[in-house]
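Here's the structure we're looking at; comments come further down.
Throughout, protein chains are lettered first and strands after them, A, B, ... in sequence-line order, and every chain is numbered starting at 1. Quantities reported herein were computed from a predicted structural model and do not represent experimental measurements.
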Amino acid sequence: MSKIFIGVAWPYANGPIHVGHMAGCNLPPDIFRRYHIMRGNEVLMVSGSDMHGTPVTVRAEKEGLRPEELAEKYHQLNVKAFDDFGVKFTEFHSTEDPDHIAIVQKLFLRLHETGHLYEKEMELPFCSKCDRTLPDRYVEGECPFCHYENARGDQCEECGKLMDPDLLINLRCTTCGSTPEFVKRNHFFFKLSALEEPLKKWMADKDYWRPHVLNFSRMFLEGGLKDRPVTRDTTYGIKIPIDGHDDKRIYVWFEAFMGYYTMAVKWAMDENGNLDQAKLDSFWKNPDCKHYYFLGKDNIPFHTIFWPAVVSALEWDLNLPYDVPANAFLKFGGQQFSKSRGVSVSIKDIVEEYDPDAMRYYMATTMPENRDADFTWEDFVTRNNSELVATYGNFVHRTLSFTQKNFGEIPDAPLNPEAEKAIKSALEEVAQHIEKCEFKMGIKRAMELARFGNQYIDAQAPWKQLKASREDCAATLYTSICISKALAIIFAPYLPFSSQKLWNALGEDGQIYEASWEDALVPPKSGTKLERPEPMFKKLDPPKKDEPVDEPQKEPKMTLDKLDLRIGKVIEANDHPNADKLIVLNVSLGQENRQLCAGLKEHYSLEEFVGKNIVVVCNLKPAKLRGIMSEGMLLAASEGDVVSLLLPPESAEPGTQLDGTTKAKQIEFPDFLKYTLEVGHDGYAGAIIGSKFIPFTVDGKNIGTDKNLGPGAKIK
RNA sequence: AGCGGGGUGGGGUAGCCAGGAAAUCCCAUCGGGCUCAUAACCCGAAGAUCAGUCGUUCAAAUCGACUCCCCGCUACCA
């Protein structure tokens, strides 16, 4: 029996866990964990919610909550989602956990003591209007090399040169546009540069890592390591345990991954908070305990470089990562998952709608182990129906129902030696795949055993044997039951819920996770009464095809349904800090708010905008307009010099979709310009599709223009 | 711009790191079998110059170079 430590990347508590997270970082460690438990190994699997990241504060502002409240809300939600999905952690808490905080502070002091942290004065741009120091990313100015006007503080996008904020000419704050001053602040730095060589040495024998992980990490190291600041000017987060730094907090990047250790410490404490050092050491100082970290590819350097650096800098001889099987990204219909763009499916919704195992199966077969993969509902349904239901589910069901009907119990007969061989090699190969974190291969191999089962039954034809020789028939069925039992075990790490059902249907008592991998070869007891079986999995209806798939035509046909036009209500209007003609609007679309830039300063005053209903193109690719993100475009008509907003009925609720338009996928700006939109003969706005004028309507009502422009006025 | 990843029968994918009779699985197509099973299962057929060019090699989807497309990232938003 050995010990396995599993660290799972800490999810941000700024939203519900979605299928991308689950397939990328959570399902794989759960499969791994379940397998090892069945092998009799002791597993410590930890993670928690990251509550201190900037995304949390940003999201909190949007929802009008304090960051702690928001984080706690999503933390609770996600704990439940994991549980419902069958993903179980030994310890799952949050960065607000008092023990986490206390231990992080201890580690901070320890690193200070070992000389890996030092204090240095750094000059930081400070925006007095926003009242905060600005990270490099949040300052812009003219590039001193190529004189590009909107170079960022970390890098000039135009010439690609790395930048420092103090080099920029005419600095400004990207948020508000005012000019920052430089202030001197003391910050703590982690001496990463000193660990470059040791890390290279450590990584030298990691050839068994996934190629993309290893490549990326080695490249990163080759690029050289710079010391990194580990504190920042903010008041949300963990306090620095050294006097005189009340206005600073420990940087999230530095603190969150310490959670792998803090959670282990927490686990090794009794109710009174007394630490059992030996218990902790058995996982963290035990050379025989392998440490695995599961995460998405965006997280690789933190786990293959920064975290190992910190662990070794503690100088306690703690275990370094053994493997970091990072996954690539799971995309959704070809797009990156993104909450803000509505490209997301939360686990909560999935478990309400489907059997978790159906989704676990789909994820396990498509997870992005070595490259990005694509999640589509169609594919999910197809794989569920034609593999899970038709191959595995069907094999078990035909076996059990035939046996139950004709024998009523597990017959007494010998196991077919061919089948025994097939079971053994499946067990062995699936085990090897899982141990090497090749989960996709593992489940594929498991499915082959089910396929073997179907072939076996077909070849034996027990329905014929029944008439010819009841003895032969019994042998076939007994063998099929043995295969079913093996399938229950083999699939248990992947599909725990259905394996449990099958386990009990085979007359085995208790929980399958208490069974061991080797039990797959223990013959089922003859004479066990069988219940009338229920199918293990349900067939799913193919997704409704509301429109014919639009692939056939090469030229994208102009149809309204490719546009996502919605009613927006202006909440706030401001001048663009860096442009003469642009204004920046904050617009409510019901569910969400968006920031738009519009070139209407010469035509409308700021006051005129507020409270107005407008028409917004919501599926335009977001673009930066003179430094400010514009997440859509408002529609206005122009006739000569006169520019007029489109005027939807005041009764229309923000967020209402214009009739005929859909939440279509994102389009590029040039594609949008291909549409001819204009004011029709009756003075109402619309689009020309083909040769027909189709008026825009919302809730059946026409949309006019603010200044009653005449027919033919162009809209954009 | 730089870096990283990808381009495999009609669609979606595996194989590539450790080169070897041209290739996995699912769907779609065609033919056959079976009727125990959630019209499920089983067998068979058709279909790819493995993006392109050049090179290394007895041998390349697999290694190297270049080109063309797609996607992602660009460490203070893990």
Side-chain angles (χ1 to χ4, degrees), chain A residues 9-12 14 50 53-58 124 133-138 152-162 187 192 207-212 214-216 219-220 223 225-226 228-232 251-254 256-257 295-303 305-307 328-329 331 334-336 365-366 368-374 376 378-379 382-383 385-387 389-391 393-403 405-406 440-441 444 447-448 451 453-466 473 476-477 480 533-539 551:
Chain A
W10 287 46
Y12 275 133
N14 71 329
D50 177 352
T54 310
V56 175
T57 18
V58 169
L124 284 170
T133 52
L134 303 171
D136 293 355
R137 262 286 181 92
Y138 291 89
R152 279 197 322 242
D154 53 346
Q155 191 180 26
C156 170
E157 283 178 328
E158 197 63 22
C159 65
K161 285 223 165 59
L162 290 179
H187 273 287
L192 196 57
D207 297 325
Y208 54 89
W209 284 8
R210 290 186 181 165
H212 74 281
L214 190 61
N215 279 344
F216 186 84
M219 288 296 187
F220 202 100
L225 297 181
K226 281 198 300 191
R228 286 170 65 100
V230 300
T231 54
R232 63 171 176 168
Y251 230 121
V252 227
W253 76 262
F254 195 57
F257 58 36
L295 48 275
K297 69 176 176 186
D298 50 335
N299 239 327
I300 292 173
F302 288 88
H303 292 79
I305 314 245
F306 302 157
W307 176 233
F329 287 142
K331 299 205 252 166
Q335 284 186 291
Q336 189 95 0
T365 50
T366 43
E369 279 176 1
N370 283 308
R371 66 183 72 165
D372 290 351
D374 204 11
T376 67
E378 268 184 350
D379 200 30
T382 310
R383 295 197 92 113
N385 292 353
S386 65
E387 295 177 28
V389 175
T391 304
N394 185 234
F395 167 69
V396 168
H397 191 61
R398 67 199 293 209
T399 297
L400 288 178
S401 46
F402 193 86
T403 312
K405 222 178 281 169
N406 296 295
K440 245 177 166 173
M441 298 274 249
K444 205 172 151 185
M447 198 47 99
E448 276 170 30
R451 202 163 290 126
N454 277 320
Q455 285 163 348
Y456 172 76
I457 289 200
D458 263 64
Q460 300 295 313
W463 47 93
K464 280 185 188 159
Q465 289 178 317
L466 188 63
C473 180
T476 299
L477 294 175
S480 300
E534 286 286 315
M536 255 197 306
F537 306 105
K538 281 197 201 77
K539 272 194 93 157
E551 296 311 335

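In this structure a side-chain-to-backbone donor-acceptor pair under 3.5 Å is missing from A/Arg228 to A/Leu192. Judged by distance alone, with hydrogens and angles left aside, the side-chain atoms of A/Gln465 form no donor-acceptor pair with the main-chain N or O of A/Thr476 at under 3.5 Å.
When Watson-Crick and G-U wobble pairs are counted only if both distances are under 3.5 Å, B/C66 pairs with B/G52. Pair check for B/G2 finds B/C73; Watson-Crick or G-U wobble, both atom distances under 3.5 Å. Across all strands shown, B/C30 pairs with B/G44; the Watson-Crick or G-U wobble distances both stay below 3.5 Å. When both distances must be under 3.5 Å, the Watson-Crick or G-U wobble mate of B/C25 is B/G12. A 3.5 Å limit on both hydrogen-bonding distances identifies B/C58 as the Watson-Crick or G-U partner of B/G20. Within the shown strands, nothing qualifies as a pairing partner of B/A37 under the Watson-Crick or G-U definition with both distances less than 3.5 Å.
Of the two residues contacting RNA chain B, namely A/Gly393 and A/Trp209, the nearest-nucleotide position lying further toward the 5' end is that of A/Trp209. Judged by closest nucleotide on RNA chain B, A/Leu225 is the one of A/Val252 and A/Leu225 placed further toward the 5' end.
Side chain of A/Thr382, nearest nucleotide from B/A37, B/C27, B/A75: B/C27. In the set B/U13, B/A75, B/C36, B/A75 carries the atom at the smallest distance from any side-chain atom of A/Phe302. Of all nucleotides listed (B/G12, B/A14, B/A75), B/G12 comes nearest to the side chain of A/Asp379. Here the side chain of A/Lys539 is nearest to one of B/A40, B/A75, B/A37, namely B/A40.
A/Arg232 approaches A/His187 most closely through the heavy-atom pair CA-CE1, 3.4 Å. The two residues A/Thr366 and A/Asp379 have their closest heavy-atom pair at CG2-OD2, 4.1 Å. For the pair A/Ala9 and A/Asn299, the tightest heavy-atom approach, listed with the atom from each and the gap, is CB-ND2, 3.9 Å. Across all their heavy atoms, A/His303 and A/Leu295 have their closest contact at CG-CD1, 3.4 Å. Here the closest heavy-atom approach between residue A/Lys539 and residue A/Asn385 is recorded as CA-OD1, 3.4 Å.
Following rounding to the nearest Å, A/Leu214 (CG) and B/G4 (C1') show an atom-to-atom distance of 14 Å. At whole-Å resolution of the value, CG in A/Leu192 and P in B/A75 are 15 Å apart. Rounded to a whole Å, the CE atom of A/Met441 is 7 Å from the P atom of B/C16. For the pair A/Arg398 CZ and B/A40 P, the interatomic distance rounds to 13 Å; values are reported in whole Å. What separates NZ of A/Lys440 from C1' of B/C26 is a distance of 13 Å, to the nearest Å. Spacing between atom CE of A/Met447 and atom P of B/C25 amounts to 14 Å, rounded to whole angstrom units. Note: CG (A/Asn454) to C1' (B/A37) measures 9 Å, nearest angstrom. Computed from coordinates, the A/Glu448 CD to B/U24 P distance equals 12 Å when rounded to whole Å.
B/G64 sits 37 Å from B/A46 when the C1' atoms are compared, rounded to a whole Å. Between B/C73 and B/G9, the two C1' atoms lie 33 Å apart (nearest whole Å). When the C1' atom is used for both B/A45 and B/A40, the distance is 22 Å, rounded to whole Å. The P atoms of B/C17 and B/U49 are separated by 23 Å, rounded to the nearest whole Å. For the P atoms, the distance linking B/A59 with B/G4 amounts to 30 Å, nearest Å. For the C1' atoms, the distance from B/C63 to B/G19 is 8 Å, rounded to whole Å. When the C1' atom is compared between B/A61 and B/G15, the two are found 9 Å apart, to the nearest whole Å. As rounded to the nearest Å, B/G11 and B/U57 have C1' atoms that lie 36 Å from one another.
The side chain of A/Lys538 contributes no N or O atom lying less than 4.0 Å from OP1 or OP2 of B/U38. Between A/Arg451 and B/C26 there is a side-chain N or O to OP1 or OP2 distance below 4.0 Å. Within the structure, every side-chain polar atom (N or O) of A/Gln455 is placed at least 4.0 Å from both OP1 and OP2 of B/C41. The side chain of A/Lys444 places no N or O atom within less than 4.0 Å of a non-bridging phosphate oxygen (OP1 or OP2) of B/U24.
Residue-level contact check: A/Ala390 touches the backbone only, with heavy atoms under 4.0 Å from sugar-phosphate atoms and none from bases. Counting non-hydrogen atoms under 4.0 angstrom, A/Arg210 reaches nothing in the nucleic acid. Contacts of A/Pro462 with the nucleic acid, taken as non-hydrogen atoms under 4.0 Å apart, are absent. Heavy atoms of A/Phe537 sit under 4.0 angstrom from at least one base atom. Contacts of A/Asn394 with the nucleic acid, taken as non-hydrogen atoms under 4.0 Å apart, include base atoms.
Using the six-membered ring where Trp is involved, A/Trp463 and A/Phe402 have ring planes that are perpendicular, over 60° apart on the 30 and 60° scheme.
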Close N or O pairs between protein and nucleotides 32-34 of chain B (under 3.5 Å):
from  : atom 1 : to       : atom 2 : distance (Å)
B/G33 : N2     : A/Asp458 : OD2    : 3.4

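The shortest side-chain heavy-atom distance between A/Pro229 and A/Phe254 does not fall under the 4.5 Å cut-off. Proximity of A/Leu214 to A/Tyr208: side-chain heavy atoms (C-beta onward) are nowhere separated by under 4.5 Å.
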